[in-house]
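Below, read A as the first sequence line, B as the second, and so on, with proteins coming before strands; counting in each chain starts at 1. Just the heavy atoms: all of them, side chains too, but no hydrogens, waters or symmetry mates, feed the values below.
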Amino acid sequence: MLTCKEVVRLLESGEELPIKRRIALLMHLFMCKHCARYSSQLKMLKQGLTVLFKSKTDVDPKVVKELEETVLETICKNKKKI
Amino acid sequence: MSNQNKLKSNAVPSHSSDQFVAPVVELSETIVHEYTEALLKGALALGFPIEDARDLVQSVWATFFEIQSKFEGRSHVRTFLFGILYNKARERRREEKRIVPDEKIEQLVDSHFGEQGRWRSPPLDPERFLQATQTMKLIEDCLDGLPLAQRMAFCLREIDDHGTSDICKILDVTVTNLGVILFRAKARLRECIEHKVKGREEL
């Protein structure tokens with residue numbers, strides 16, 4: 001039986017676990033309320049962050065285009081100076 | 001990525017000087033068109049308002065074209081650019097670079113557990129936690145409280161799906177450091193969210 005600490009480490013590693021480890025992990029999560037909660041919290045956190053980042057980075061393509069033009073203009077100006 | 005191949009073929013220096021200038025200008029354009037959007041999204045994800053984010057991206061490009069000779073192709077252009085973005089963002093936030101203490105992740109995990117390996121403060125009921133993670137304002141407030149390195153590590157994963165080794169190069173940390181950074185970031189976010197959930201319920 002895995003300890004809670006080991007479970008937290010396994011959840012953190014993010015690596016694909018060998019089948020035996022995975023079963024041991026699931027067994028622990030099935031029996032231990034705290035670790036099960038921890039595991040679902042991590043999933044929720046990830047989902048929440050994905051949604052947040054998506055909404056924060058939702059920029060108008062026009063803004064990107066304008067910015068690209070500004071950047072290119074600046075580079076051209078600097079090149080001419082040289 | 002077809003553009004990547006384009007970059008590579010354009011980057012081959014030509015012998016004739018006329019032919020040399022044209023690809024360089026074209027190359028700049030290709031790179032700017034290829035990465036400006038990702039950089040802008042990166043800056044926004046780091047929590048900069050749109051005006052600041054635009055300024056930041058412009059200064060990243062200015063620096064990139066100043067120091068591009070130092071770019072030796074050991075990392076991907078994108079990694080190099082995000083490295084500059086990270087440094088510029090840090091300058092703006094006036095944050096020190098080395099906030100990553102030389103810790104082992106084992107010790108950090110241990111700190112969550114008390115006697116006989118029991119949870120020191122057991123995680124909150126997921127139902128209550130779920131509501132909080134779906135409240136954008138709440139999760140954003142908590143995210144704003146993170147040091148830049150932690151936030152950047154999250155952003156890079158989420159935004160552009162950078163791999164671990166790229167993220168390490170951008171943040172200039174080891175893989176072990178990155179593990180610690182991410183663990184700390186998650187622990188802080190969880191704590192912050194739990195704290196807010198409990199605070200709300202007491203009202």
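For the pair V8(A)/F113(B), a side-chain contact is recorded, criterion being any heavy-atom separation below 4.5 Å from C-beta on. At a threshold of 4.5 Å between non-hydrogen side-chain atoms, the residues V51(A) and I139(B) do not count as touching. Between R37(A) and L124(B) there is no side-chain heavy-atom pair separated by less than 4.5 Å. At least one side-chain heavy atom of I105(B) sits under 4.5 Å from a side-chain heavy atom of E12(A). Residues L45(A) and K186(B) are in side-chain contact: their nearest non-hydrogen atoms beyond the backbone lie under 4.5 Å apart. Two residues are said to be in side-chain contact when any heavy atoms from C-beta on lie closer than 4.5 Å; R54(B) and V63(A) meet this criterion. In this structure, F53(A) and L143(B) have side chains that are in contact, with non-hydrogen atoms separated by less than 4.5 Å.
Of all heavy-atom pairs spanning V64(A) and E37(B), the tightest one is CG1-CB, 3.8 Å. Listed here is the closest heavy atom pair of Q58(B) and V71(A): CG-CG2, 4.2 Å. Closest heavy-atom contact between C4(A) and G117(B): CB-O, 4.0 Å.
Neither the backbone nor the side chain of T3(A) comes within contact range of chain B; no heavy atom of the residue lies under 4.5 Å from a heavy atom of that chain. For L40(B), the part lying near chain A is the side chain, with the backbone staying farther off; criterion is any non-hydrogen pair under 4.5 Å. If you measure heavy-atom distances from E66(A) to chain B, the contacts under 4.5 Å come from the side chain alone. When heavy atoms are compared at a cutoff of 4.5 Å, E6(A) does not approach chain B at all. For a residue to count as touching a neighbouring chain, one of its non-hydrogen atoms must lie under 4.5 Å from one of that chain's; by this rule K46(A) touches chain B with backbone and side chain alike.
For E106(B), the CD atom counts as densely surrounded, since its 6.0 Å shell holds more than 12 non-hydrogen atoms of other residues, nucleotides or ligands.
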